[in-house]
K.L.:
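Please read through the structure below; I'll follow up with questions.
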Amino acid sequence: QLQASGGGLVQAGGSLRLSCAASGRTLSQYVVGWFRQAPGKEREFVAAAIRWNSNTLAADSVKGRFTTSRDNAKNMVYLQMNILKPEDTAVYYCAAGTPNTGSASQAGRYFYWGQGTQVTVSS
């Protein structure tokens, strides 16, 4: 139902934009969260596109570098990642749900998940 794409290999300091597409769901009706999981590590919250004001809620580790945006006409949500660091290397997932701002970082608050896309940042 959700599909993340846009990952790839990039050098440290570079940028990537991930896309989240949905079929059968209207993403503008949901908070769309981005999570990542690196090998041997637990899945962690990255950022969320807040439903009602299109603002980005970002984890401290990516604040100021990653932002989200929406294109409701295309039913897409994007994660713009700038100033990438090797520690950003992970599989990135998008998810849709209806958490409030205070719980948007909790994976359990999201109903729908997509397959991930690999992001590799070389030093």
Side-chain angles (χ1 to χ4, degrees):
Q1 293 175 328
L2 298 182
Q3 179 64 55
S5 62
L9 174 64
V10 63
Q11 288 188 333
S15 298
L16 280 175
R17 188 179 77 159
L18 304 185
S19 300
C20 181
S23 59
R25 305 287 171 189
T26 301
L27 290 180
S28 61
Q29 298 178 351
Y30 298 92
V31 173
V32 177
W34 291 90
F35 293 80
R36 67 187 181 187
Q37 188 165 20
K41 295 187 177 181
E42 293 186 355
R43 180 175 53 188
E44 65 173 350
F45 170 76
V46 176
I50 302 302
R51 177 178 48 180
W52 50 92
N53 60 11
S54 300
N55 282 352
T56 299
L57 181 69
D60 288 344
S61 59
V62 305
K63 199 168 293 184
R65 300 188 296 124
F66 291 13
T67 58
T68 62
S69 62
R70 295 179 180 267
D71 186 334
N72 292 332
K74 295 182 178 180
N75 200 28
M76 300 280 286
V77 174
Y78 304 99
L79 178 68
Q80 178 67 44
M81 306 187 296
N82 299 326
I83 317 174
L84 283 161
K85 305 175 181 180
E87 51 263 43
D88 294 320
T89 295
V91 176
Y92 283 70
Y93 301 88
C94 63
T98 57
N100 56 32
T101 302
S103 61
S105 63
Q106 299 174 17
R109 297 291 184 172
Y110 293 85
F111 311 132
Y112 311 108
W113 289 80
Q115 294 183 338
T117 185
Q118 176 71 46
V119 172
T120 303
V121 184
S122 63
S123 57

K.L.:
With a 4.5 Å limit on heavy-atom distance, are the side chains of Gln3 and Gln115 in contact?
P.N.:
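They are in contact (side-chain heavy atoms under 4.5 Å apart), so the answer is yes.
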K.L.:
Under a 4.5 Å cut-off applied to non-hydrogen side-chain atoms, are Gln80 and Thr68 in contact?
P.N.:
no
K.L.:
Just how far is it from atom CD1 of Ile50 to atom CG of Leu57, taken to the nearest 0.5 Å?
P.N.:
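Answer rounded to 0.5 Å: 5.0 Å.
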K.L.:
Could you grab the distance from atom CG of Leu79 to atom OG of Ser19, nearest 0.5 Å is fine?
P.N.:
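Spacing of CG (Leu79) from OG (Ser19) equals 9.5 Å.
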K.L.:
Which heavy atom of Ser122 sits nearest a heavy atom of Leu9, and at what distance?
P.N.:
CB-CD1, 4.3 Å
K.L.:
Say you draw a straight line from CD of Gln1 to OH of Tyr112; how long is it, rounded to the nearest 0.5 Å?
P.N.:
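OH of Tyr112 is found 6.5 Å from CD of Gln1.
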K.L.:
Do Thr117 and Arg36 have side-chain heavy atoms sitting under 4.5 Å apart?
P.N.:
no
K.L.:
What's the separation between atom OH in Tyr30 and atom CG in Leu2, rounded to the nearest 0.5 Å?
P.N.:
9.0 Å
K.L.:
Are side-chain N/O atoms of Ser28 and Asn72 paired as donor and acceptor at under 3.5 Å?
P.N.:
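Absent: no donor and acceptor within the cut-off.
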K.L.:
Taking atom OG of Ser15 and atom CG of Leu84, what is their separation to the nearest 0.5 Å?
P.N.:
6.0 Å
K.L.:
How long is the straight-line distance from OG of Ser105 back to CZ of Phe35, given to the nearest 0.5 Å?
P.N.:
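Spacing of CZ (Phe35) from OG (Ser105) equals 7.0 Å.
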K.L.:
Can you tell me how the ring of Trp113 sits relative to the ring of Tyr93, calling it parallel under 30°, perpendicular over 60° and tilted otherwise?
P.N.:
perpendicular
K.L.:
Under 4.0 Å between a side-chain nitrogen and a carboxylate oxygen: does that hold for Lys63 and Asp60?
P.N.:
yes
K.L.:
Could you tell me whether Arg109 atom CZ has more than 12 heavy atoms of other residues or ligands within 6.0 Å of it?
P.N.:
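Open: at most 12 neighbouring heavy atoms sit under 6.0 Å from CZ of Arg109.
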K.L.:
How about Thr89 and Glu87: do any of their side-chain heavy atoms sit closer than 4.5 Å?
P.N.:
no
